[in-house]
Amino acid sequence: MRSRKTIIIAVVGLSIISLSFQSRFFEIAKQIEIYNNLYKILNMNYIDEINPGEITTKAINNTLKNLDPYTRFYNEQQVEDAKIRREGEYGGVGISSRYTKKGIIVVSVKEGYPADKVGLKPGDIITIVNKQKLEGLERDQLSQVLKGIPGTKVNITVVRAKKILELDLKLDKIIDNPVPFFDMINEETGYVILTRFTTRKSTDELRKAIVDMKGKGLKKLVLDLRSNPGGSLFDAVNITNLFIPAGKKVVDTRGKTRKNSRTYKTNQEPIATDMPIVVLIDGRSASASEIVSGALQDYDRAVVLGERSFGKGLVQRYFNLNYGTQMKATISKYYTPSGRCIQELDYANRDWKTGKVPKFSDGPVSSFTTTNGRKVFDGGGVMPDVKIKRSKKTDETKRLLGSRAIFNFATEYVRKTTKPDLMNFSFTSSNFNEFKEYLKNKDTTFVTKQERLFKKAYKSVQGNTMISSEYTAILNKLKNDKVQQISKNEDIISLKIEDEILSQYFYKKGVYQYHLKNDETIKTAVNLLNDSIRYNKILGNK
């Protein structure tokens, strides 16, 4: 009788599950049918011609953007661009760029590649490529005009300030090394920066750097993950494996299905198990950077130093769709060896009216313990063991850093000044005052919400010339206010400007060389490594 009841309950349970799945798939089919009918009727009856690809892409993107910023649709061309970002190789001229209605703005030039050889400079605007005017082209089109098979000849027209230049160059194989710089700081301490977790390359290049420095006497290491946005999960595991033994858990991923839930463990012999390590992180260290820093922190294998990391505890996977398109979807959350998830933003509980996403760190957080019994916490990124104090960014500073003002100022500065000695350069308070005047009198890219709304209101007033003097006075007041607010973060902004100027003078390599001698965070890391008693006390070593 009991077994009969059990069978009945099981059958009922399976029936409920089956009905649930049927209901879900019926709803999916229903919505697709509605969209198909809507589009057919729209295409037949709308007064103007409709671009099917553009309409569909916008519809998909508007759907996905309400989930999280990492779940995305890629059309055929975007698939290729995403592959380049993951693998770090492509045929091109060796620039990073920004696209505008005028054409392609050169943001930085890679040393030794075609663009560098013909003398392209940051701030140059490429307006014509092989007699094709770039003005008005879409972003996807602009991203392809300087890519192709290595050896292909390209003719470009460039606007530099008031000069027009015509240059010939050949495409080359461009390799973005995820370990662009490493060197010994002193006889025993080495420094290496990892800028991205590129598939396979990041592990191989980091291993090469450590082995190379070992040959020069390396006994202590500073691993710089600042501003590293992440990348390959497998490389995060393999890089952690360079410092901890085989068989150790690095990360758990937990998703809706068993396929998307997995434990990743080290499976190779490490190359540096006992070497003291300081890992540097900041607010732009995310994803794979947090997996590495979180795991090394949980095992008390390294001291984490800097600022709280970004807090991206989500894992994405690429899915192939029809006609060469792809979708990248968030499939799971990840958890460090101690069991903590460091995801900061709670997208599942977004306020649909305001669009505001709550933060896990604003609510109750849970504590976990490291191997040595130290307390660590979930929610809101990886908290460093040693914090570097910075001024708190104002809203105006955040908007400034997201604008082109610093790049434009640095470009103008470089064009009008003599190239300095690398190691003796510094961006002084006097220079910062020059920057403030630039923002007030020349810049058009750093605009606050108040300025934008005020300008809009002024333009809407008929006969506004009668109040032009009052308008100018109020606008100047708004500019002075925003400059006063960004001045509270002179320490942060000056470093950003300094880096941009040095990059334009000495390439990225020069910036790293300068940091090695002048970066206060690196100096703090070296001092900590030289103080073995404090280092071990922080990690709870006995």
Side-chain angles (χ1 to χ4, degrees), residues 54 57 74-176 180 195-196 229 401-415 442-446 496 499-501 503-508 511:
E54 187 177 320
T57 298
Y74 296 93
N75 62 30
E76 301 95 318
Q77 189 49 61
Q78 291 168 333
V79 167
E80 185 62 28
D81 291 342
K83 182 181 178 182
I84 288 171
R85 286 193 295 273
R86 292 197 302 273
E87 298 182 359
E89 289 188 11
Y90 59 97
V93 298
I95 61 172
S96 61
S97 56
R98 186 170 60 247
Y99 308 122
T100 69
K101 292 179 181 178
K102 293 181 180 179
I104 299 172
I105 297 178
V106 179
V107 174
S108 65
V109 179
K110 300 180 189 298
E111 187 176 9
Y113 283 110
D116 183 37
K117 290 176 181 177
V118 299
L120 272 180
K121 302 291 183 185
D124 288 348
I125 304 174
I126 302 170
T127 57
I128 301 174
V129 176
N130 291 335
K131 297 182 180 180
Q132 179 187 11
K133 290 185 177 181
L134 305 186
E135 186 176 3
L137 292 185
E138 296 293 325
R139 180 185 178 86
D140 288 349
Q141 296 171 301
L142 290 171
S143 70
Q144 294 307 304
V145 295
L146 291 175
K147 291 177 184 171
I149 300 171
T152 302
K153 293 181 179 180
V154 179
N155 174 265
I156 61 175
T157 299
V158 176
V159 176
R160 179 182 298 164
K162 296 180 180 180
K163 296 180 181 178
I164 297 178
L165 310 171
E166 190 170 331
L167 303 170
D168 293 306
L169 60 168
K170 288 184 180 180
L171 302 186
D172 198 357
K173 184 178 181 180
I174 309 300
I175 300 175
D176 288 330
T195 58
R196 193 170 185 86
L401 295 176
S403 75
R404 300 191 299 274
I406 288 176
F407 172 78
N408 292 341
F409 172 80
T411 301
E412 184 178 294
Y413 180 95
V414 169
R415 284 175 177 172
K442 288 188 177 182
D443 177 67
T444 58
T445 66
F446 169 40
K496 292 289 185 184
D499 282 357
E500 183 58 47
I501 291 171
S503 176
Q504 293 196 26
Y505 272 131
F506 303 101
Y507 309 97
K508 285 292 184 183
V511 176

Chemist: Mind jotting down which residue pairs meet the salt bridge (charged side-chain N to carboxylate O under 4.0 Å, His left out) criterion with at least one end in residues 105-126? Sequence neighbours excluded, please.
Modeler: Lys110-Asp176, Asp124-Arg160, Asp124-Arg415
Chemist: Can you tell me how far CG of Leu169 sits from OH of Tyr113, rounded to the nearest 0.5 angstrom?
Modeler: 14.5 Å
Chemist: How long is the gap from OH on Tyr99 to CD1 on Ile105, to the nearest 0.5 Å?
Modeler: 11.5 Å
Chemist: Restricting to side chain to side chain donor-acceptor pair (under 3.5 Å), what partner residues turn up for Ser108, sequence neighbours left out?
Modeler: Ser96
Chemist: As a quick check of understanding, evaluate side chain to side chain contact (heavy atoms under 4.5 Å, CB included) for Val414 and Ile501, giving each step before the final call.
Modeler: CA-CA 7 Å; Val414 169; Ile501 291 171; 4.2 Å; yes
Chemist: Got a sec, which pairs hit salt bridge (charged side-chain N to carboxylate O under 4.0 Å, His left out) with one end in residues 94-108, sequence neighbours left out?
Modeler: none
Chemist: Closest approach of Tyr505 and Tyr413, non-hydrogen atoms and distance?
Modeler: OH-O, 4.3 Å
Chemist: Return all side-chain donor-acceptor pairs below 3.5 angstrom for residues 125-140, not counting sequence neighbours, or 'none' if the list is empty.
Modeler:
{"residue": "Thr127", "atom": "OG1", "partner": "Thr157", "partner atom": "O", "Å": "3.4"}
{"residue": "Asn130", "atom": "OD1", "partner": "Asn155", "partner atom": "N", "Å": "2.9"}
{"residue": "Asp140", "atom": "OD2", "partner": "Asn75", "partner atom": "ND2", "Å": "3.2"}

Chemist: Tell me which donor-acceptor pairs under 3.5 Å the side chains of residues 145-154 have, and how far apart each pair is, sequence neighbours excluded?
Modeler:
{"residue": "Thr152", "atom": "OG1", "partner": "Ile149", "partner atom": "O", "Å": "2.7"}

Chemist: Which pair of non-hydrogen atoms, one from Pro114 and one from Gly92, has the smallest distance, and what is that distance?
Modeler: CG-O, 4.2 Å
Chemist: Below 3.5 Å, can you tabulate the donor-acceptor pairs from side chains in residues 404-412 to any protein atom, sequence neighbours excluded?
Modeler:
{"residue": "Asn408", "atom": "ND2", "partner": "Arg404", "partner atom": "O", "Å": "3.3"}
{"residue": "Thr411", "atom": "OG1", "partner": "Phe407", "partner atom": "O", "Å": "2.8"}
{"residue": "Thr411", "atom": "OG1", "partner": "Gln504", "partner atom": "NE2", "Å": "3.1"}
{"residue": "Glu412", "atom": "OE2", "partner": "Lys442", "partner atom": "NZ", "Å": "3.0"}

Chemist: Give, for atom OG of Ser97 and atom CG of Leu142, the distance between the pair rounded to the nearest 0.5 Å.
Modeler: 8.5 Å
Chemist: Would you name the heavy atoms of Pro229 and Thr195 that are closest together and state the gap between them?
Modeler: CD-O, 3.5 Å
